[in-house]
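What's counted below: heavy atoms across the whole structure, side chains too, no hydrogens, waters or symmetry copies. All chains are named by letter (A, B, ...) in the order of the sequence lines, taking the proteins before the strands, and each is independently numbered beginning at 1. Everything numeric in this text was worked out from a predicted model, so none of it was measured.
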Protein chains: 2
Amino acid sequence: MSLDSKRPLTLRDVSEASGVSEMTVSRVLRNRGDVSDATRKRVLAAAKELGYVPNKIAGALASSRVNLVAVIIPSLSNMVFPEVLTGINQVLEDTELQPVVGVSDYIPEKEERVLYEMLSWRPSGVIIAGLEHSDASRAMLRAAGIPVVEIMDTDGVPVDAMVGISHRRAGREMANAILKAGYEHIGFMGTKMPLDHRARKRFEGFTEVLAKSGIEIEDRAFYSGGSALAKGREMTQEMLERSPELDFLYYSNDMIGAGGLLYLLDQGIDVPGQIGLAGFNGVELLQGLPRRLATMDACRLEIGRRAAKIIADRLAEPEGAHSDNVTLTPTIAYGDTLKRR
Amino acid sequence: MSLDSKRPLTLRDVSEASGVSEMTVSRVLRNRGDVSDATRKRVLAAAKELGYVPNKIAGALASSRVNLVAVIIPSLSNMVFPEVLTGINQVLEDTELQPVVGVSDYIPEKEERVLYEMLSWRPSGVIIAGLEHSDASRAMLRAAGIPVVEIMDTDGVPVDAMVGISHRRAGREMANAILKAGYEHIGFMGTKMPLDHRARKRFEGFTEVLAKSGIEIEDRAFYSGGSALAKGREMTQEMLERSPELDFLYYSNDMIGAGGLLYLLDQGIDVPGQIGLAGFNGVELLQGLPRRLATMDACRLEIGRRAAKIIADRLAEPEGAHSDNVTLTPTIAYGDTLKRR
DNA sequence: ATGAAAGCGCTAACAA
DNA sequence: TTGTTAGCGCTTTCAT
């Protein structure tokens with residue numbers, strides 16, 4: 001039974017309850033140094049009996065070691081970032097490190113605030129989405145003196161390390177595949193997110209390749225808010241009514257692409273004969289659709305794993321001359337909505 | 001420019017750079033007490049110039065105040081918990097409080113570990129999913145001496161406060177609606193998760209009502225892993241081949257329900273005439289489907305908001321005789337897959 | 001194998 | 001308005 005005092009328990013309480021010095025209690029609780037089996041047992045018993053929970057704040061201050069890894073991502077509400085977190089978790093679970101997640105909502109100022117807030121807890125490392133940050137944020141990252149891994153994107157220069165894919169290249173490859181398949185009248189749909197740099201880069205790579213063949217995007221639409229699947233449906237209908245000549249629709253993410261696909265199937269339109277479709281991300285959801293949408297994997301899980309690995313390795317071996325820039329190269333999944341060749 | 005030393009900056013550095021005592025610097029940085037405008041400016045300038053980031057660890061230890069709220073949820077990989085987090089965030093954003101998320105993967109031992117880990121940072125409050133926890137977890141929650149809100153479920157006794165819906169009632173209501181609509185041969189599909197107590201309670205409520213009408217579930221199937229949409233598809237096909245007499249399928253979540261719906265539409269089966277369908281959660285995704293699946297909202301956003309509100313209020317006003325048990329009552333969304341009456 | 005002393009970087013409480 | 005003095009609860013370091 002625990003004493004029902006209001007004051008949280010301290011090492012001292014355990015020390016008194018077990019008749020052992022605070023120092024020894026501390027050693028037992030951290031499995032450090034030599035402690036006789038007898039005292040170890042007494043201490044453990046006392047701690048459990050009291051229901052003692054160590055105070056990491058005091059511990060961290062004294063040891064100036066904090067096993068926290070700050071993870072900053074733009075959003076939790078599309079499946080992509082949770083999957084990155086899963087990857088990070090998988091790797092950190094085998095270490096002492098604990099991820100702590102902050103969300104920036106794609107807003108640089110908010111990212112800056114969140115970063116500041118997290119750095120003030122003196123984490124051992126930072127994993128942060130994207131290569132674009134405010135000057136202040138970049139300065140903080142550099143000044144923190146801890147491993148920093150920028151993830152998702154490799155089209156740019158990292159503060160320290162980076163793990164991701166080239167979204168520009170992803171856009172280019174999809175454009176090439178589409179042209180090779182013979183499509184010529186292309187529409188684009190995406191999110192209304194000027195600050196989603198990865199979507200922007202994909203788009204840039206995409207149009208760049210089209211331009212080389214003298215082709216331009218013939219119609220485009222952007223949405224914000226609401227159910228992506230429903231928006232994909234609506235936007236597709238509207239776009240095809242507006243631009244019936246289109247023979248290919250490129251979506252900036254799989255969810256709206258799936259919405260478009262469902263709409264076209266509803267309408268009995270021949271996919272990919274009459275109209276081809278492609279999305280981006282390789283979300284699991286697509287497996288359950290009546291046809292598999294063409295897409296490109298964003299390597300989310302792997303990115304999370306590699307990033308966490310870099311942090312863990314650096315902390316374990318602070319010496320090594322680390323140059324950790326990992327570019328993963330996803331390939332196109334043609335599915336059933338993009339003619340092959 | 002910051003001095004490129006390896007040692008992190010301290011208040012003392014700012015104090016020296018600005019020629020003001022540490023105490024006054026501290027006051028400026030926290031907007032506390034009276035500080036002349038002149039010194040305030042000097043301090044702020046010095047801090048910015050150096051790129052000082054306060055050390056919350058030291059601050060928290062000294063003040064024994066930590067504006068962290070521990071949030072413990074079973075998973076990030078279905079849309080339900082991220083949405084709860086959104087609600088929590090919305091409310092906490094207007095306060096000093098910061099949510100910190102831990103994931104238990106539906107495993108009590110892991111929940112216990114995560115809780116222990118989080119409590120060791122001495123948060124100001126805890127929001128934790130579910131009412132079922134290990135004895136040790138419950139003991140920790142009680143002993144922590146901070147506000148604890150158990151969320152999602154209200155079928156049980158909370159340690160302190162709770163916010164959620166009655167899943168048993170949700171199951172009962174759906175069963176009633178199904179019976180009233182005249183369906184009699186019912187199949188059930190769900191996740192293979194003995195530890196998802198909310199799904200279990202819905203199922204219990206569901207079968208309880210059926211039993212009163214002398215009806216039993218005639219077939220059932222459970223899945224784990226993989227794309228829920230795809231699993232819903234497969235399981236539905238298999239079940240109907242096995243049990244062609246079924247005229248209603250009740251799914252434990254909307255994703256597998258959506259998979260089933262897509263399958264039935266593919267097959268040209270009359271929904272809800274020949275077969276009725278219902279899921280659970282009210283996920284946004286359903287809006288984009290060719291037919292709207294019948295479902296019941298889990299009130300995710302509202303649960304998050306109310307829980308955060310309770311924590312914030314208690315901390316603002318530690319006196320009030322709080323008895324915070326909030327039961328939200330979702331209603332059935334009939335959609336297009338459940339006959340009305 | 002165990003203990004004592006000092007101090008991590010900050011803030012509460014009081015003094016000037 | 002500003003500064004001084006004691007810790008917060010632990011761990012480091014050194015002694016025993």
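Under the salt bridge (Lys or Arg N to Asp or Glu O under 4.0 Å) criterion, the residue pairs touching residues 16-33 of chain A are Arg12(A)-Glu16(A), Arg12(A)-Glu22(A), with sequence neighbours excluded. The salt bridge (Lys or Arg N to Asp or Glu O under 4.0 Å) analysis of residues 127-141 of chain A, with sequence neighbours excluded, yields the pairs Glu132(A)-Lys201(A).
Contacts between chain B and DNA chain C, taken as any atom within less than 4.0 angstrom of a protein heavy atom, begin and end at dG9(C) to dA13(C).
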Margin query: Please determine whether side chain to side chain contact (heavy atoms under 4.5 Å, CB included) holds for the pair Phe81(A) and Arg300(A), giving the CA-CA distance in whole Å, both sets of side-chain angles, and the decisive distance to 0.1 Å.
Written below: CA-CA 7 Å; Phe81(A) 296 105; Arg300(A) 305 176 295 281; over 6 Å; no
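Taking the side chain to side chain donor-acceptor pair (under 3.5 Å) definition, one finds that Glu93(A) meets it with Lys110(B), sequence neighbours left out. Under the salt bridge (Lys or Arg N to Asp or Glu O under 4.0 Å) criterion, Asp160(A) pairs with Arg314(A), not counting sequence neighbours. Not a single salt bridge (Lys or Arg N to Asp or Glu O under 4.0 Å) links Asp34(A) to another residue, sequence neighbours left out. With sequence neighbours excluded, no residue satisfies side chain to side chain donor-acceptor pair (under 3.5 Å) with Thr327(A). By the salt bridge (Lys or Arg N to Asp or Glu O under 4.0 Å) test, Glu112(B) pairs with no residue at all, sequence neighbours left out.
Two residues are said to be in side-chain contact when any heavy atoms from C-beta on lie closer than 4.5 Å; Ser26(A) and Leu11(A) meet this criterion.
Salt bridge annotation for Arg306(B)-Glu302(B): present, with a cationic side-chain nitrogen under 4.0 angstrom from a carboxylate oxygen.
Listed here is the closest heavy atom pair of Leu76(A) and Pro82(A): O-CG, 3.7 Å.
Taking the screw axis at each terminus of the helix from dA1(C)-dT16(D) to dA16(C)-dT1(D) from five consecutive base pairs, the angle between the two is 30° to within rounding of 10 degrees.
Within residues 35-48 of chain A, no residue approaches DNA chain D, by heavy-atom distance under 4.0 Å.
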Residues 63-74 of chain A, side-chain donor-acceptor partners within the protein, below 3.5 Å, at least two apart:
{"unit_1": "Ser63(A)", "atom_1": "OG", "unit_2": "Gly59(A)", "atom_2": "O", "d": "2.8"}
{"unit_1": "Ser63(A)", "atom_1": "OG", "unit_2": "Arg65(A)", "atom_2": "N", "d": "3.3"}

Check: What string of B, S and - do you get for nucleotides 5-15 of chain D, 5' to 3', if B is base contact, S is sugar-phosphate-only contact and - is no contact with any protein heavy atom under 4.0 Å?
Finding: --BBBBBB---
